[in-house]
2 protein chains.
Amino acid sequence: MAEVLTPMRRQILEFIVACQRERNFPPTIREIGDHVGLRSPATVANHIEVLKNAGYIEKNPQQPRTLTVRMEMETPTPIVSLRRVPFVGDVAAGTGVLADETDHEVLDLPEQFAGRDDSFALRVRGDSMIDAGILPGDIVIVRRQPDAQVGEIVVAGIPGDEATVKRYFPQGATVVLKPENAALEPLEFPASEVVVYGRVISVLRTY
Amino acid sequence: MAEVLTPMRRQILEFIVACQRERNFPPTIREIGDHVGLRSPATVANHIEVLKNAGYIEKNPQQPRTLTVRMEMETPTPIVSLRRVPFVGDVAAGTGVLADETDHEVLDLPEQFAGRDDSFALRVRGDSMIDAGILPGDIVIVRRQPDAQVGEIVVAGIPGDEATVKRYFPQGATVVLKPENAALEPLEFPASEVVVYGRVISVLRTY
DNA sequence: CTAGGCTACGAACAACTGTTCGGTAGGAGG
DNA sequence: CCTCCTACCGAACAGTTGTTCGTAGCCTAG
């Protein structure tokens with residue numbers, strides 16, 4: 001058994017990853033030959049065959065530009081799937097909550113915290129939820145949904161045209177929004193005047 | 001002038017980026033046709049021509065699989081620099097805190113939460129810090145440091161060979177570890193018997 | 001010296017790909 | 001009504017690409 005990763009083979013591998021990084025698509029066999037100084041496509045194809053059998057690269061037969069290096073050699077992107085969460089800093093004046101991410105700050109979070117569905121981030125103002133461990137200045141991640149279960153923590157729009165974080169208790173035609181603060185009283189509104197923007201799925205805080 | 005980004009064109013763009021992400025090489029015109037339901041390569045080529053003139057994609061003429069989406073539409077690699085934080089689930093028995101990340105779970109977090117220096121993650125047990133908004137089950141990110149300022153929240157090892165999260169108050173030869181729970185009393189130990197593992201720099205919670 | 005294994009070359013071929021050209025269907029607007 | 005425009009199909013064509021085959025040089029083991 002001969003050496004597998006000869007200097008030539010190594011050069012070919014590096015050229016493939018370079019193409020991927022700089023041009024976003026793999027090279028053809030002849031492009032590889034031109035770059036490493038091999039005049040015959042057969043020679044390059046032979047080296048690629050060896051690299052493929054050794055498990056270094058993958059290839060779709062008979063299709064041009066389908067070379068991919070396995071195991072990437074240097075992980076450019078982490079394994080976790082990040083999700084881009086729009087940061088809605090100011091929720092005053094009702095309209096803001098549905099704003100798109102283009103003109104706002106964004107937060108990149110792993111799925112574990114950002115959720116799998118459509119969600120947004122919100123900085124909490126006020127101390128109405130301190131007994132639930134949500135302090136002023138904390139960032140809550142909110143999963144966008146038009147309704148919620150009894151007792152869940154939601155972000156809701158209320159008649160005073162502000163959005164608040166409260167526990168959600170629907171009671172027939174009215175909705176009770178209960179703060180988690182012994183010093184504050186629950187709020188009660190007609191169900192038609194309360195808009196549930198979503199449910200709080202995670203809380204983030206930095207000191 | 002007609003609409004540029006019709007639903008069909010948008011679908012084609014999304015398919016190209018999907019191919020890039022999942023297979024690492026762009027599709028051919030006929031592959032695009034098969035995917036979006038266009039039977040003629042000419043039709044697909046026409047759409048691609050429009051997208052190219054509009055500046056959405058780049059293309060090498062007469063070469064297969066050389067489509068690249070300009071401006072990437074969705075940043076494949078986020079701008080933020082992720083940090084890999086080792087997750088030390090069980091801190092009992094003193095030894096565990098300095099464990100390396102290889103045999104433990106890890107957490108990928110943006111620098112904003114993970115800090116710039118050496119840090120680790122820890123799941124909080126007990127309710128000794130609920131008045132500071134740190135609930136049982138919360139994950140705290142701890143920056144490894146051997147000392148702390150007065151009043152900071154630290155993770156410390158104490159004689160009962162357990163690690164706890166408390167506020168740090170050094171007082172001469174003794175150290176007072178103060179819980180944030182009205183029902184609990186501060187703990188006091190000789191300074192020599194308290195090991196500060198690090199300072200809590202962020203708190204994460206999922207519901 | 002000789003045989004065998006690599007490596008490389010060059011030519012030829014079939015498959016695939018991008019491209020071009022003609023033709024059809026449907027809607028918008030005069 | 002007709003015309004223009006757009007989107008689409010189908011076929012054909014030329015260029016490119018991966019592949020195969022035969023051959024040659026070089027090195028090492030026997």
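Order of the sequence lines fixes the chain letters, A, B, ..., with proteins taken first and strands second; residue numbering starts at 1 for each chain. These numbers come from a predicted model, not from an experiment.
Partners of Y168(B) according to the ring-ring contact (aromatic ring centres under 6.0 Å, His included) rule, which considers only residues two or more places apart in sequence or in another chain, do not exist here. With sequence neighbours left out, E58(A) forms a salt bridge (charged side-chain N to carboxylate O under 4.0 Å, His left out) with R70(A).
Distances shown here put a side-chain N or O of K59(B) below 4.0 Å from the OP1 or OP2 atom of dT19(C). Under 4.0 angstrom from either OP1 or OP2 of dC6(C) there lies no side-chain N or O belonging to H47(A). In this model, the phosphate group of dT16(D) is not approached by any side-chain N or O of R65(B) to a distance below 4.0 Å at OP1 or OP2.
The stretch residues 29-43 of chain A touches DNA chain D through I29(A), R30(A), P41(A), A42(A), each having a heavy atom under 4.0 angstrom from the strand.
Between M8(B) atom CE and dA7(D) atom C1' there is a gap of 9 Å when expressed in whole angstrom units. Rounded to whole angstrom, the span from the CZ atom of F25(A) across to the P atom of dT17(C) amounts to 16 Å. Nucleotide dG18(C) holds its C1' atom 13 Å from the CD1 atom of I57(B), rounded to whole Å. The distance from atom CG of N46(A) to atom P of dG10(C) is 16 Å, rounded to the nearest whole Å. The interatomic distance linking Q11(B) (CD) with dA7(D) (P) rounds to 15 Å, in whole Å. In this structure, Q62(B) places its CD atom 9 Å from C1' of dT17(C), rounding to the nearest Å. What separates CD1 of I48(A) from C1' of dT20(D) is a distance of 16 Å, to the nearest Å. Following rounding to the nearest Å, N60(B) (CG) and dT17(C) (P) show an atom-to-atom distance of 17 Å.
Each of L51(A), V17(A), I12(A), T68(A) was compared with I57(A) under the side-chain contact (heavy atoms from CB on, under 4.5 Å) criterion, and only L51(A) meets it.
The side chain of T28(A) sits closest to dG18(D) out of dT17(C), dT19(C), dG18(D). Listed candidates were dG15(D), dT17(D), dA8(C). Nearest to the side chain of Q63(B) is dT17(D).
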Can you give me every donor-acceptor pair (side chain of residues 30-50 of chain A, partner residue at least two apart or in another chain, under 3.5 Å) with its distance?
unit_1 : atom_1 : unit_2 : atom_2 : d
E31(A) : OE1    : R23(A) : NH2    : 3.1
E31(A) : OE1    : T28(A) : N      : 3.2
E31(A) : OE1    : R65(A) : NH1    : 3.1
E31(A) : OE2    : R65(A) : NH2    : 3.1
S40(A) : OG     : A42(A) : N      : 3.2

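The salt bridge (charged side-chain N to carboxylate O under 4.0 Å, His left out) analysis of residues 177-186 of chain A, with sequence neighbours excluded, yields the pairs R167(A)-E180(A). Listed by first and then second residue, the salt bridge (charged side-chain N to carboxylate O under 4.0 Å, His left out) pairs that reach into residues 196-207 of chain B are D138(B)-R205(B), E152(B)-R199(B), sequence neighbours excluded.
Between A148(B) and Q145(B), the closest heavy-atom pair is CA-NE2, 4.0 Å.
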